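Ligands are counted one by one from 1 in listed order, and the atoms in each one are counted from 1 as well. All values below come from the heavy atoms of this structure, side chains included, with hydrogens, waters and symmetry mates left out. Given the structure is predicted, the values throughout are model-derived calculations rather than measurements.
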Amino acid sequence: MILTLNAGSSSLKFSVFDLSAGEEEIANGIVERIGSAEGRATLEIGGERQQVDFQGDHSVAVQAIGLFLRKQKLLAKVKAVGHRVVHGGETFQQPTRITTEVEQTIERLSPLAPLHNPVNLQGIQLAKATLPNVPHVAVFDTAFHSTMLAQAFRYPVPNAWYTKHGVRKYGFHGTSHAYVSTIAKDVLTKVEKKSSKIITLHLGNGCSAAAVIDGKCIDTTMGLTPLEGLMMGTRSGDVDPGLAAYMSSLGMSIDAYDKALNKESGLLGIAAENDMRTLLSMREEGSDLARLAIAMFVYRLRKAVGSFAAAMGGIDALVFTAGIGENASDIRAEVCEDLTFLGIELVAELNAIRSDTPRIISKGTCSVLVVPTNEELQIARATAGVIK
Ligand code: ADP
């Protein structure tokens, strides 16, 4: 069995997979609001879910997960632990077995992902203390994008920024883009449809697109940081790079600017609401700001689809995933509207179906799919691949 761990700043998610038995997820859970008085742990096994209050830090959370797994007689069966690590820089292009040197490099890369890498590393160190005798593997969010060519990943800024400071596009959500593009390829191959050139749209609170040719990522919308690219729940995505100097000239500090673009922009910035479900209801009820926010969100997505189709010289499949991509049929329809010139033709009845299974929802030459993402399973698969 493989245990996967995803350590965030205030949450810790885990899953246990039995990869020998049809990739079954045996147990999963999340400890949320770590460090606050309202901490909560949700644990699920055999279809039964329990919620308990939780108080403590990440170390107590890892211990609690260890205790739960021991009680369920799963801990001793764990053969390896797969850890989500956000930033692998240029060093880690593959899932990697964790050694002291690997830990040091993850730490060295922390300036590129200050909110994530340190806490990912803490998760690794705590899990190693709980499970010292099994291999631990790091699976990097950036790794799937490491196949981008320099023409895609370099920014047109002074060369030394890259050579001295690593300033380039890295991309994120790679585990999800890898998973859904693989599933889409499998689904399309079964029905003898083309699947060479795929655009994946991961639309959750964070949003990113990737252009994938024959399983290899050639471009993605997120960049040096997860702020670049598409409009998101609270992140702006692309803005004029000159905006920083302009806001600075008005007296705004770089910290306030960074916070505004990361936490107070995107859908939230326009309509004072970042949850797409709520925004769709607000639009229904006549809110002009919700209408504008959604129109901007969709317009920017359509431009990303168009630019990646041009970059790839065509498109065989468009894949929607994550909270918005999997559930918001209206958004899918609006993104795909009038894209027949790309061979994209949604079938309204198929688009309206709600289901947890990967499915094709189009009839044109470019297949449109909804593929529920499963980053945990992808991490478990990658981990198993490293230890075998
Ligand atoms: P995260 O990036 O935090 O993992 P998710 O992938 O869970 O986020 O996506 C969260 C987004 O998905 C929110 O904007 C939420 O409103 C949206 N979402 C979830 N379910 C639906 C739905 N049924 N209709 C529209 N949007 C939805």
Side-chain angles (χ1 to χ4, degrees), residues 4-15 28-34 42 84 86 113 115-116 119-120 141 171-180 183 200-210 220-222 225-237 262-285 287 289-291 293-298 300-301 319-336 351-359 361 370-379:
T4 65
L5 271 189
N6 181 349
S9 57
S10 66
S11 70
L12 189 62
K13 252 173 141 175
F14 75 92
S15 286
N28 67 65
I30 182 165
V31 186
E32 292 168 287
R33 301 200 193 157
I34 294 175
T42 309
R84 177 193 183 209
V86 166
L115 301 179
H116 295 104
V119 73
N120 297 157
D141 268 17
F172 299 89
H173 291 147
T175 308
S176 178
H177 290 293
Y179 179 79
V180 299
I183 299 282
T200 48
L201 302 177
H202 177 107
L203 309 177
N205 281 311
C207 299
S208 66
T220 189
T221 52
M222 284 180 168
T225 74
L227 186 55
E228 189 181 342
L230 301 172
M231 179 170 170
M232 315 183 204
T234 66
R235 287 180 224 149
S236 62
N262 273 292
K263 300 215 153 95
E264 297 154 8
S265 296
L267 296 167
L268 182 72
I270 300 298
E273 172 59 57
N274 62 294
D275 189 290
M276 185 55 85
R277 245 173 316 198
T278 312
L279 280 166
L280 287 164
S281 311
M282 285 166 62
R283 184 174 70 170
E284 195 82 12
E285 286 153 15
S287 159
L289 287 177
R291 182 173 302 115
I294 295 171
M296 291 170 66
F297 183 82
V298 167
R300 284 166 174 251
L301 265 169
V319 182
F320 286 91
T321 195
I324 298 172
E326 290 167 30
N327 298 299
S329 53
D330 287 354
I331 299 293
R332 293 196 297 259
E334 287 164 37
V335 170
C336 293
N351 185 36
I353 293 171
R354 298 189 70 85
S355 161
D356 285 341
T357 44
R359 57 202 183 275
I361 57 168
V370 180
V371 178
T373 194
N374 193 338
E375 287 161 281
E376 282 69 33
L377 176 55
Q378 182 72 14
I379 292 172

**Q** Heavy-atom contacts with ligand 1 below 4.0 Å: which residues, ordered by chain and residue number?
**A** G204, N205, G206, N274, D275, M276, R277, L280, A322, G323, I324, N327, A328, R354
**Q** Rounded to the nearest 0.5 Å, what's the gap from CG on L289 to CD1 on I294? Could you check?
**A** 11.0 Å
**Q** I'd like to know if E375 pairs up with R84 as an ion pair, taking the criterion as any Lys NZ or Arg NE/NH1/NH2 lying under 4.0 Å from an Asp or Glu carboxylate oxygen.
**A** no
**Q** Say whether S208 and H177, considering side chains only, have a donor N or O and an acceptor N or O under 3.5 Å apart.
**A** yes
**Q** Which value, rounded to the nearest 0.5 Å, describes the distance between T357 atom OG1 and I183 atom CD1?
**A** 11.0 Å
**Q** Which donor-acceptor pairs under 3.5 Å do side chains of residues 328-336 form with protein atoms, sequence neighbours excluded?
**A**
from	atom 1	to	atom 2	distance (Å)
R332	NE	N351	OD1	2.7
R332	NH1	G325	O	2.9
R332	NH1	E326	O	3.1
R332	NH2	N351	O	2.8
R332	NH2	N351	OD1	3.1
E334	OE1	R283	NH1	3.1
E334	OE2	R283	NH1	3.3
E334	OE2	R283	NH2	2.8

**Q** Stepwise, does the side chain to side chain contact (heavy atoms under 4.5 Å, CB included) test hold for T321 with T200?
**A** CA-CA 8 Å; T321 195; T200 48; 5.9 Å; no
